[in-house]
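Reading through the structure tokens given below for one structure.
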Amino acid sequence: MASERDIRARLQRAGQEHLLRFCAELAPGPRAALLAQLEPLEPEALGEHCRRAAAARAHPSGPPPSWPHAYGLCLPSAWAPRAGATPSRGGSGRRKADPVFLLKDPGFHQIALNKVAVLLLAGGQGTRLGVTYPKGMYQVGLPSQKTLYQLQAERIRRVEQLAGERCGTRCTVPWYIMTSEFTLGPTAEFFKEHDFFHLDPNNVVMFEQRMLPAVTFDGRAILERKDKVAMAPDGNGGLYCALADHQILEDMERRGVEFVHVYCVDNILVRLADPVFIGFCVLRGADCGAKVVEKAYPEEPVGVVCQVDGVPQVVEYSEISPETARLRAPGGGLLYNAGNICNHFFTRDFLQRVTREFEPLLKPHVAVKKVPYVDEEGNPVKPLKPNGIKMEKFVFDVLPFARNFVAFQVLREEEFSPLKNADSADRDNPSTARRALLAQHYRWALQAGARFLGPHGAQLPEQPSLPSSGEPAAVCEISPLVSYSGEGLEVYLQGREFRSPFILDENQARALQP
Ligand SMILES: CC(=O)N[C@H]1[C@@H](OP(=O)(O)O)O[C@H](CO)[C@@H](O)[C@@H]1O
């Protein structure tokens, strides 16, 4: 551990000596904690970070006035094999002509060869959701009470099983989980408590992204308490530094992983290692891909995938002007309609190039936030106005470096329902996420030939699309261990009646097996 004198000298070099202004009055414990927090900050990098943050806020590098005209509508039909196509279900021969079916096989093949990994971005703080624990530990009130982490773990197990069965082998989809200082401890603990949801712990690799100091508008790192610097994770684009910091790509190489499905934690419908998406990207020889859904309304908080001068990129919802977001295409739909659902495909080779060459070129994004701080007298202050700058990189900012980028459109009701807000908000909250999952499972069950009875035994009407109440006609939850995307359910459900609420888990499936 460096001495206080050394640390003070380093902070002086960075122009941030004020971080030690209460050090002398601290008790030994808090003082040691503050010094431990300051020690790893490299003076040059810290000084540069603070200068860049202040400069970025003072002179935002906004898009030039003419930029909207540079965009093309993103989804030529070749990029959207599933637009309008019915996602495949069950196991009938008619699916041979279905593009989904044609893509699935190569996807499963790569999974069976142990060439596919999933990588979860789970360093966020869940501020909008209003929880103090990692979002993945949240459960939205399903009959099974499963958390997001459990649903994801079970989808991994099922996709491994499906790929293994198809190719007559056993295979593994390793799960890399990027956490932050806020989420690593509780996430690791949660996985241990739940026995890694029956995954092999050797195949679940947690690693931590970096934290960066929050900075005032005049370029001074902020003290949140006398003994603590205000720090925030470096954004989901911190992935690329974290991959290098923790030799994650080397770990992938050792395991023979070639393709990585990167996704964010909050989408309850996420299809981990989706064989259709993987198959599409691999067949197209892509090094980088993004799943998109049709954007629902101009203000929807999703980034849009688009092109500037032929170069693919995502323009984040926080950085697009309301006028641009409202622009209409000749057909009447939104011009920028390819909503990013934070599901990305990368080859390991591309990630290698990013970490070696491109990461330093990624421009951080500026978020101006209310950052609690201590005033000159050492009193804690909760600011009413934004006072601090947090700098973040975005995971999709590597798109322009791709040699062959593809976008892949999927159906929202099958693949996208993010949990962003508390139930007090109208959208993207625990209730909408729960309903989206239950509505999907109800649809799958109807398509597999199930009928549902109400609590008094009367047959319920079939309502494949959601009624205005938003609740499906019957409550039906299907374990991901039984079905990953609606496949294989006829054998349990065809021609049978079930009383709502109905949970089809592994035990129930065994009991229903003819
Ligand atoms: C930096 C980043 O990845 N932003 C993503 C991400 O938004 P958040 O609000 O950061 O969760 O998820 C959205 C989809 O839920 C996607 O549309 C958006 O572009």
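Note that this is a predicted model, so its numbers are computed, not measured.
- Residues Gln37 and Met231 form a side-chain contact, since some pair of their non-hydrogen atoms from C-beta on lies under 4.5 Å apart.
- Asn343 places a side-chain N or O within 3.5 Å of a backbone atom of Ile341 that can act as its donor or acceptor partner.
- For the atom pair Trp444 CH2 and Cys476 SG, the distance stands at 10.0 Å (nearest 0.5 Å).
- Of all heavy-atom pairs spanning Met137 and Pro186, the tightest one is SD-O, 3.9 Å.
- What you find for Leu46 and Ala14 is that their closest heavy atoms are CD2-CB, 4.0 Å.
- The minimum heavy-atom distance between Leu399 and Cys288, with the atom names listed, is CD1-SG, 3.9 Å.
- Scored by the ring pair (Phe, Tyr, Trp, His ring centres under 6.0 Å) test, Tyr442 finds Phe452 as partners (sequence neighbours excluded).
- Taking the ring centre of Tyr297 as origin, the terminal cationic atom of Arg427 falls inside the region bounded by 6.0 Å and 45° from the ring axis.
- A donor-acceptor contact shorter than 3.5 Å links the side chain of Tyr484 to the backbone of Leu272.
- Donor-acceptor pairing under 3.5 Å is lacking for the side chains of Asp274 and His261.
- Of all the heavy atoms in Glu477 and Lys146, the pair that sits closest is OE2-CD, 4.3 Å.
- The two residues Asn429 and Ala422 come nearest to each other via the heavy atoms CB-O, 3.3 Å.
- Pairs engaging residues 195-215 under the salt bridge (Lys or Arg N to Asp or Glu O under 4.0 Å) rule: Arg210-Asp245 [sequence neighbours left out].
- At least one donor-acceptor pair under 3.5 Å links the side chain of Tyr240 to the backbone N or O of Val395.
- Centroid-to-centroid, the aromatic rings of His194 and Phe196 stay 6.0 Å apart or farther.
- At a threshold of 4.5 Å between non-hydrogen side-chain atoms, the residues Asp505 and Leu481 do not count as touching.
- With hydrogens and angles ignored, the 3.5 Å screen pairs a side-chain donor or acceptor of Gln209 with a backbone N or O of Gly235.
- Between Ile278 and Val276, every side-chain heavy-atom pair lies at or beyond the 4.5 Å cut-off.
- The shortest distance between side-chain heavy atoms of Trp175 and Val205 does not fall below 4.5 Å.
- For Arg254 and Glu250, the salt-bridge test fails: no basic side-chain N is under 4.0 Å from an acidic carboxylate O.
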*Go through Leu119 and Leu239 one step at a time and tell me if the side chain to side chain contact (heavy atoms under 4.5 Å, CB included) criterion holds.*
CA-CA 10 Å; Leu119 193 155; Leu239 171 66; 3.6 Å; yes
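- Side chain of Gln352 to main chain of Thr347: no donor-acceptor pair is present (N/O by atom type, distance under 3.5 Å, no hydrogens or angles).
- Between Phe394 and His365, the gap from one ring centroid to the other is short of 6.0 Å.
- Between Arg10 and Glu39 there is no salt bridge, since no side-chain N of the basic residue sits under 4.0 Å from a carboxylate O of the acidic one.
- Put simply, OG1 on Thr324 and OH on Tyr336 are 7.0 Å apart, with the number rounded to the nearest 0.5 Å.
- For residues 123-137, the set of pairs meeting the side-chain hydrogen bond (donor to acceptor under 3.5 Å, both in side chains) definition, not counting sequence neighbours, comprises Lys135-Asp266.
- Leu142 CG to Ile503 CD1: the interatomic distance, rounded to the nearest 0.5 Å, is 9.0 Å.
- Between Glu44 and Arg13 there is a salt bridge, with a side-chain nitrogen of the basic residue lying less than 4.0 Å from a carboxylate oxygen of the acidic one.
- Among Arg412, Glu414, Glu413, the single residue meeting the side chain to side chain contact (heavy atoms under 4.5 Å, CB included) criterion with Val293 is Arg412.
- Two residues are said to be in side-chain contact when any heavy atoms from C-beta on lie closer than 4.5 Å; Phe358 and Arg353 meet this criterion.
- The line from CD of Glu376 to CG of Leu223 is 9.5 Å long, rounded to the nearest 0.5 Å.
- When all heavy atoms are compared, the tightest approach of Leu34 to Leu20 is CD2-CD2, 4.1 Å.
- Remark: the backbone N or O of Val140 is paired with a side-chain donor or acceptor of Arg434 at under 3.5 angstrom.
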*Take Gln161 and Arg158 through the side-chain hydrogen bond (donor to acceptor under 3.5 Å, both in side chains) test and state the conclusion after the steps.*
CA-CA 5 Å; Gln161 185 197 355; Arg158 176 71 178 165; 3.3 Å; yes
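- For Arg356, the CZ atom is loosely surrounded, since the number of other residues' heavy atoms within 6.0 Å does not exceed 12.
- Arg31 has its side chain out of reach of Asp227: every pair of non-hydrogen atoms, C-beta onward, lies at least 4.5 Å apart.
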_Pair Tyr373-Thr216, side-chain hydrogen bond (donor to acceptor under 3.5 Å, both in side chains): steps then yes or no_ = CA-CA 10 Å; Tyr373 65 99; Thr216 59; over 6 Å; no
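- For the atom pair CG (Asn114) and SG (Cys171), the distance works out to 6.0 Å, reported to the nearest 0.5 Å.
- Between Leu151 and Pro480, some side-chain heavy-atom pair lies under the 4.5 Å cut-off.
- Two rings, from Phe197 and Phe191, have their centers less than 6.0 Å apart.
- Here Arg157 does not pair with Glu160 in a salt bridge; the nearest charged N to carboxylate O distance is not below 4.0 Å.
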*Check against side chain to side chain contact (heavy atoms under 4.5 Å, CB included), Leu504 and Gln508*: CA-CA 6 Å; Leu504 179 57; Gln508 182 67 258; 3.8 Å; yes
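- When atom types are taken as modelled, the side chain of Asn267 and the backbone of Ser417 share a donor-acceptor pair closer than 3.5 angstrom.
- Classified by interplanar angle (parallel below 30°, tilted 30° to 60°, perpendicular above 60°), the ring pair Phe408/Phe277 is parallel.
- A search for side-chain hydrogen bond (donor to acceptor under 3.5 Å, both in side chains) contacts involving Arg155 returns nothing, not counting sequence neighbours.
- Applying the side-chain hydrogen bond (donor to acceptor under 3.5 Å, both in side chains) criterion to Gln16, with sequence neighbours excluded, gives no partner residue.
- Within the 4.5 Å cutoff, no side-chain heavy atoms of Pro472 are placed close to those of Gln463.
- Checked options Arg348, Glu258, Met252, Arg255; the residue passing with Lys115 is Glu258 (criterion: side chain to side chain contact (heavy atoms under 4.5 Å, CB included)).
- For Ser483 (side chain) and Glu487 (main-chain N/O), a donor-acceptor pair under 3.5 Å exists by modelled atom type.
- To the nearest 0.5 angstrom, Phe207 atom CZ is 11.5 Å from Ser180 atom OG.
- Not counting sequence neighbours, the partners of Val215 by the side-chain contact (heavy atoms from CB on, under 4.5 Å) test are His49, Cys50, Ala53.
- Remark: Asp426 CG is loosely packed, at most 12 non-hydrogen atoms of other residues, nucleotides or ligands lying under 6.0 Å away.
- Checking side-chain atoms of Asn387 against main-chain N and O of Val371 turns up a donor-acceptor pair under 3.5 Å.
- Without hydrogens or angle criteria, Asp375 side chain to Asn379 main chain gives a donor-acceptor distance under 3.5 Å.
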